[in-house]
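Data first, discussion second: the structure below is written as structure tokens.
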Protein chains: 2
Amino acid sequence: MTKSCIRVFADVAQIKQCKTEIDRVAPTIASIARALSLSGNEVRLKILYLLSKESQLCPCDLSDILGMTVPAISQHLKKLREGGLVVSEKVGQTVFYSLHKENLNVINPILDSLVITEQKSTVS
Amino acid sequence: MTKSCIRVFADVAQIKQCKTEIDRVAPTIASIARALSLSGNEVRLKILYLLSKESQLCPCDLSDILGMTVPAISQHLKKLREGGLVVSEKVGQTVFYSLHKENLNVINPILDSLVITEQKSTVS
DNA sequence: CTATTATTTAAGCAACTACTTAAATAACGA
DNA sequence: TCGTTATTTAAGTAGTTGCTTAAATAATAG
């Protein structure tokens with residue numbers, strides 16, 4: 001870290017500009033990275049996909065569908081809720097989870113691309 | 001796991017259908033989740049963003065720009081390369097990294113959304 | 001009130017991540 | 001060749017993640 005790149009082709013102005021630019025977008029990148037790492041888990045991505053298909057599901061349903069324990073599911077849902085990607089509504093003893101559509105600008109294209117990828121592979 | 005959801009409103013047919021559907025898309029989800037978890041790291045997302053702006057950068061540049069040690073950067077680049085998100089080309093002692101555009105269908109919308117988000121926040 | 005059901009929370013733990021420092025590899029120039 | 005530079009690899013480690021099981025919380029029915 002003390003020594004920096006001194007190669008002949010290094011473009012000092014370019015590097016400086018990159019530093020400025022990355023500082024500028026850093027907060028946005030941090031927030032997007034958070035959303036991506038949330039959905040970068042196989043179980044949570046499945047939950048998001050299922051919610052995009054079914055509009056709402058409870059932890060119990062998801063436990064059945066994904067073949068996992070209820071606490072395991074609940075902990076994933078907690079992360080998704082805290083990350084603002086899903087919302088929950090309690091109806092009696094049951095808690096229904098659904099996508100938090102307003103916060104899904106990062107995730108939506110991914111779910112879309114999933115559908116597209118599936119269509120492609122179904123066709124071929 | 002042994003006991004399944006027995007609530008009154010549970011829709012057995014819906015659950016069964018979801019199971020079938022999730023099994024069908026599981027391989028695609030796994031591969032997308034891998035790409036998302038790769039780009040769900042702040043440093044790696046910054047690298048991808050910088051490469052989308054600069055077309056090619058070496059580990060040394062990135063170390064300078066991001067204020068991190070070269071080995072730390074190198075290890076991130078290795079993951080991105082193994083995940084197929086970037087490619088490298090050696091020129092003399094320098095290794096230039098650039099985006100592997102063909103494999104970026106999952107990541108591209110994210111980088112785009114980053115630009116869009118930045119424009120929004122700049123305007124407001 | 002008591003038992004049952006749905007969900008969440010907590011504690012423990014194995015596996016993974018992302019850094020560190022040191023060493024290895026490779027290209028270059030004097 | 002020797003010393004320098006660019007990069008990668010390796011080993012060690014603190015922190016994080018994702019599960020497990022057990023316990024806590026809350027709603028409902030008898």
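To find a chain, count down the sequence lines: A is the first, B the second, and so on, and within it residues start at 1.
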*Could I get the full list of side-chain contact (heavy atoms from CB on, under 4.5 Å) partners for B:N108, not counting sequence neighbours?*
B:L104, B:L111
*For DNA chain D, find the residues of residues 32-45 of chain A with a heavy-atom distance under 4.0 Å and give them by number; none if there aren't any.*
A:N41, A:V43, A:R44
*Shortest non-hydrogen contact from A:Y97 to A:P59?*
CE1-CG, 3.8 Å
*Phosphate oxygens OP1/OP2 of C:dT20: is one of them under 4.0 Å from a side-chain N or O of B:T69?*
yes
*For the residue pair A:R44 and A:S37, what are the closest heavy atoms and their distance?*
NH2-O, 3.5 Å
*Is there a side-chain contact between B:L77 and B:S88 (heavy atoms, below 4.5 Å)?*
no
*State which of C:dT17, D:dA6, C:dT7 makes the closest approach to the side chain of A:C60.*
C:dT7
*asked:* With side chain to side chain contact (heavy atoms under 4.5 Å, CB included) as the criterion, how do A:L38 and A:I107 come out once you've worked through the C-alpha distance, each side chain's angles and the decisive distance to 0.1 Å?
replied: CA-CA 10 Å; A:L38 273 177; A:I107 306 307; over 6 Å; no
*In terms of hydrophobic clusters joined by side-chain contacts under 4.5 Å, are B:V87 and B:V95 together?*
no
Shorter than 3.5 Å, N or O on both sides, protein versus nucleotides 8-13 of chain D: list them out with atom names.
| residue | atom | partner | partner atom | Å |
| --- | --- | --- | --- | --- |
| D:dT8 | OP1 | B:Y97 | OH | 2.5 |
| D:dT8 | OP2 | B:S74 | OG | 2.9 |
| D:dA10 | N6 | B:Q75 | NE2 | 3.1 |

*Nearest-Å distance for atom pair CG/C1', residues A:L66 and D:dC19*: 14 Å
*What is the distance, rounded to the nearest whole Å, between atom CD of B:E82 and atom P of C:dC16?*
15 Å
_Closest non-hydrogen atom pair between A:V43 and A:H76, with its separation_ = CG1-CD2, 3.5 Å
_Contact summary for A:P109 and A:V106, nearest pair of heavy atoms_ = CD-O, 3.4 Å
*With B:S31, which residues qualify under side-chain contact (heavy atoms from CB on, under 4.5 Å), at least two apart?*
B:R34
*Could you encode protein contacts along nucleotides 25-30 of chain D as a string, one character per nucleotide from 5' to 3', using B for base contact, S for sugar-phosphate-only contact and - for no contact, with a heavy-atom cut-off of under 4.0 Å?*
-SBS--
*asked:* Could you report the tightest heavy-atom contact between B:S39 and B:L45, atom names first, then the distance?
replied: O-CB, 3.5 Å
*Roughly, in whole Å, what's the span from CE in B:M68 to P in C:dA18?*
10 Å
Donor-acceptor list for residues 47-57 of chain A side chains, cut-off 3.5 Å, not counting sequence neighbours:
| residue | atom | partner | partner atom | Å |
| --- | --- | --- | --- | --- |
| A:Y49 | OH | B:E21 | OE2 | 2.4 |
| A:S52 | OG | A:Y49 | O | 2.7 |
| A:E54 | OE1 | B:Q14 | NE2 | 2.8 |

*Give the rounded distance in Å between these two atoms: CD1 of A:I47 and C1' of C:dT7.*
14 Å
*Once you round it to whole Å, what is the distance between C1' of C:dA27 and CD of B:E89?*
15 Å
